Novice: 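Sharing a structure with you now.
Computed from a predicted structure; not experimentally measured. Residue numbers begin at 1 in each chain, while the letters A, B, ... track the order of the sequences.
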Number of protein chains: 2
Amino acid sequence: MARVYNFCSGPAMLPLEVLEEAGREMVDFNKTGMSIIESSHRGKAYDAIHNEAISNLRELLGLGDDYSILFIQGGASLQFAMIPMNLLGPGATADYINSGYWAGKALKEAKLIGKTAVAADCGKEIPTRVPRLAELKLTDGAAYVHITSNETISGAQWKEFPKTSAPLIADMSSDILSRPFNATDFAMIYAGAQKNLGPSGVAVVAIRKDLAGRAPAGIPTMLKYSTHIEENSLYNTPPCFSVYIITLVTRWLKKQGLENVCRTNREKAAKVYAAIDATGFYRGTALPEFRSDMNVTFRLPTEELEEKFVKESTKAGLNGLKGHRSVGGLRASIYNAFPMEGVDALVGFMKDFESRNG
Amino acid sequence: MARVYNFCSGPAMLPLEVLEEAGREMVDFNKTGMSIIESSHRGKAYDAIHNEAISNLRELLGLGDDYSILFIQGGASLQFAMIPMNLLGPGATADYINSGYWAGKALKEAKLIGKTAVAADCGKEIPTRVPRLAELKLTDGAAYVHITSNETISGAQWKEFPKTSAPLIADMSSDILSRPFNATDFAMIYAGAQKNLGPSGVAVVAIRKDLAGRAPAGIPTMLKYSTHIEENSLYNTPPCFSVYIITLVTRWLKKQGLENVCRTNREKAAKVYAAIDATGFYRGTALPEFRSDMNVTFRLPTEELEEKFVKESTKAGLNGLKGHRSVGGLRASIYNAFPMEGVDALVGFMKDFESRNG
């Protein structure tokens, strides 16, 4: 069996050893005589998996007991609504920093719920980028400040995070646990799992417990952070399989150490950017200082060549390099589990393609 | 490897052949060179799985194109809120039929959103039961009528469904596709997957398309049925693994035929009820005419004996027979995939236990 190199933006490649373990124990988990997906979410076997996922995430993020780690279904997209429903009371204003497609989606949902202000906006600039800290115009007494740590479509990433007096909330779906950072600077971090943490079907939410108390009365039980905090994400049946894979992936991350994971990620990204910058044939779409280590976006001289690049790279076992339909171009998503050999294969292909078409 | 007989109320036993197939192709799905949980939800491989799950469910439910089949995260518990958010406009009244714990949960969420009426209430009766059709006091011009087709905790099940002029909505989490029924009598059917359809992490929703148009403006995008209808449940990344297993389970159901599945389910339940009724030692908790074919609930002469029964049955490889913490007693959940041999093992154990303790 030949594994293809999958450059898709998510769901994305997972560590091979995680998949092999999940395959081996699909029928009989840990000698329980049943699959983890058949196990009661109130039983011992699943309980251990659930709580290990939480403690691994807590350790990797460096968060204490003043934060809850939650598993909530609906992905980051449901969080876009839950955040303002819980945290944006009447009369208050939430600051949103618009850095592109995903930040814009979060803002759009908040506008349905309450009052928002755009503290910086470079969502439509080309080359793509995220705001500089000096550009932020924050609202005094804002309910919270929302950022998107990495924009998967534009390929721009925050390299330094703002320090805000209002609670700082970040959508880290596409770069969570790809690099060390000070998580306690944030009141809340959330991430759809399907890029760096596991399969789709769950968002990981790390939330400072005091924040959850702000929710107005009357919002549905499943949409209140306090429900999930009080019930340790077991108010209703959790997405057990997704949590199980998160446990395996966080074990894998702990074994390597976040510093090493980060070093490898930077090395992988640097190789692709070097190939882009080597001649004038390829052109990176993000401003160099904000280039994402997770999603490398670039263009070719013509759209015809881009189409040819996608077609030929797919044949060469390099899958999913087509850029998002809203912007075109090429994109190589190289999350934590994406192997160095796949990057080398891409770089080799890029050189070869250029020599044939440049 | 010895498979245990898992009588838990859900997540529950799945067909062994489904688990084996999922295990075999966990690393390499269908020769794509990647796992289904690594596959893009916008790619060909997942697309085929997603649409097969929909068409299998449509065929098994006997629904035409006037209904959409949706996959929505958050389980039945999120549906409890989405239903009134979308369908219970200001000034309107929704009829809820209270048959027990789960019907009560649905009602509680609706009360947070709008005006409700209880069209029948036998939620606290003992022996447990669901209402008789003649007891229903329906509201003229109700926005909808909500029922819970099977109460997993009390072990009571609707044997005949009401015909209502208002749109009829059913939570079928614990008995969907366990028996043939006329699905077109319902405007909406929903079910958390983790009992009869697959793993946790997704609710299957079958909704008449015209109903979804009723949603008021301003509700969050992810919580609107119209979003999921328009995007074929691909507005955001769906819970791909759960949908994949639903595809495999519905293939298995189609292979057997719903009539045969139903006949086997009735035979399994009848065997356990016969063991209960054989002497005065065991006592069924549901009124005989409403006894559930999915969750067989019963008591022993004393709580001490019930505790002993749970302990000894677990040792004998019969897992999860303890009743719900809110009601005590014993419960044998025997969904579609629960094997006949497990029922025979339970009946054998019951006779033996009685002979030793009766």
Novice: Non-hydrogen atoms of chain B under 4.5 Å away: do they reach the side chain of S9(A), the backbone, both or neither?
Specialist: neither
Novice: How close do H41(A) and P11(B) get, heavy atom to heavy atom, and via which atoms?
Specialist: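 Minimum heavy-atom separation between H41(A) and P11(B): ND1-CD, 3.4 Å.
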Novice: Under a 4.5 Å heavy-atom cut-off, does chain B meet the side chain of V18(A), its backbone, both or neither?
Specialist: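 Neither part, no heavy atoms under 4.5 Å.
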Novice: Of the listed residues (A217(B), S40(B), A81(B)), which shares the most heavy-atom pairs with chain A below a 4.5 Å separation?
Specialist: S40(B)
Novice: Using side chain to side chain contact (heavy atoms under 4.5 Å, CB included) as the criterion, point out the one residue from T227(B), N236(B), T221(B) that pairs with S77(A).
Specialist: N236(B)
Novice: Could you report the tightest heavy-atom contact between M13(B) and E38(A), atom names first, then the distance?
Specialist: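 Closest pair (atom of M13(B), atom of E38(A), distance): CA-OE2, 3.3 Å.
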Novice: Which residue out of G74(B), C8(B), A22(B), S35(B) racks up the most heavy-atom pairs below 4.5 Å with chain A?
Specialist: G74(B)
Novice: What parts of residues 191-200 of chain A touch chain B if we use heavy atoms and a cut-off under 4.5 Å?
Specialist: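 The residues closer than 4.5 Å to chain B, in numerical order, are Q194(A), P199(A), S200(A).
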Novice: Kindly give the heavy-atom pair with the smallest separation between E109(B) and P220(A), and that separation in Å.
Specialist: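 Scanning both residues completely, I find the closest heavy atoms to be OE1-CA, 3.5 Å.
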Novice: What option among G317(B), A337(B), C240(B) has the most heavy-atom pairs under 4.5 Å with chain A?
Specialist: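 Of G317(B), A337(B), C240(B), C240(B) has the most heavy-atom pairs under 4.5 Å with chain A.
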Novice: How far apart are the closest heavy atoms of G218(B) and L112(A), and which atoms are they?
Specialist: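 Nearest pair, atom of G218(B) first, then L112(A): O-CB, 3.9 Å.
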Novice: What distance separates I36(B) CD1 from L19(A) CG, expressed to the nearest 0.5 Å?
Specialist: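 Between I36(B) CD1 and L19(A) CG, I get 12.0 Å after rounding to 0.5 Å.
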Novice: Going from CG on L78(A) to CG on L78(B), what distance comes out if it is rounded to the nearest 0.5 angstrom?
Specialist: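 Output value for this atom pair is 6.5 Å.
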Novice: Given that the side chain runs from C-beta out, which part of S242(A) has a heavy atom under 4.5 Å from chain B: side chain, backbone, both or neither?
Specialist: neither
Novice: Say you draw a straight line from CE of M222(B) to CE of M82(A); how long is it, rounded to the nearest 0.5 Å?
Specialist: 11.0 Å
Novice: Could you report the tightest heavy-atom contact between R3(A) and V27(B), atom names first, then the distance?
Specialist: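 Minimum heavy-atom separation between R3(A) and V27(B): NH1-O, 3.6 Å.
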Novice: With side-chain contact (heavy atoms from CB on, under 4.5 Å) as the criterion, how do L223(B) and L223(A) come out once you've worked through the C-alpha distance, each side chain's angles and the decisive distance to 0.1 Å?
Specialist: CA-CA 10 Å; L223(B) 300 171; L223(A) 299 171; 3.6 Å; yes
Novice: Mind checking whether F241(A) and I245(B) have side chains closer than 4.5 Å, heavy atoms only?
Specialist: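 Side-chain contact under 4.5 Å: no.
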Novice: Is it the case that the side chain of N6(A) and the backbone of M34(B) share a donor-acceptor pair, with hydrogens and angles ignored and the cut-off at 3.5 Å?
Specialist: no
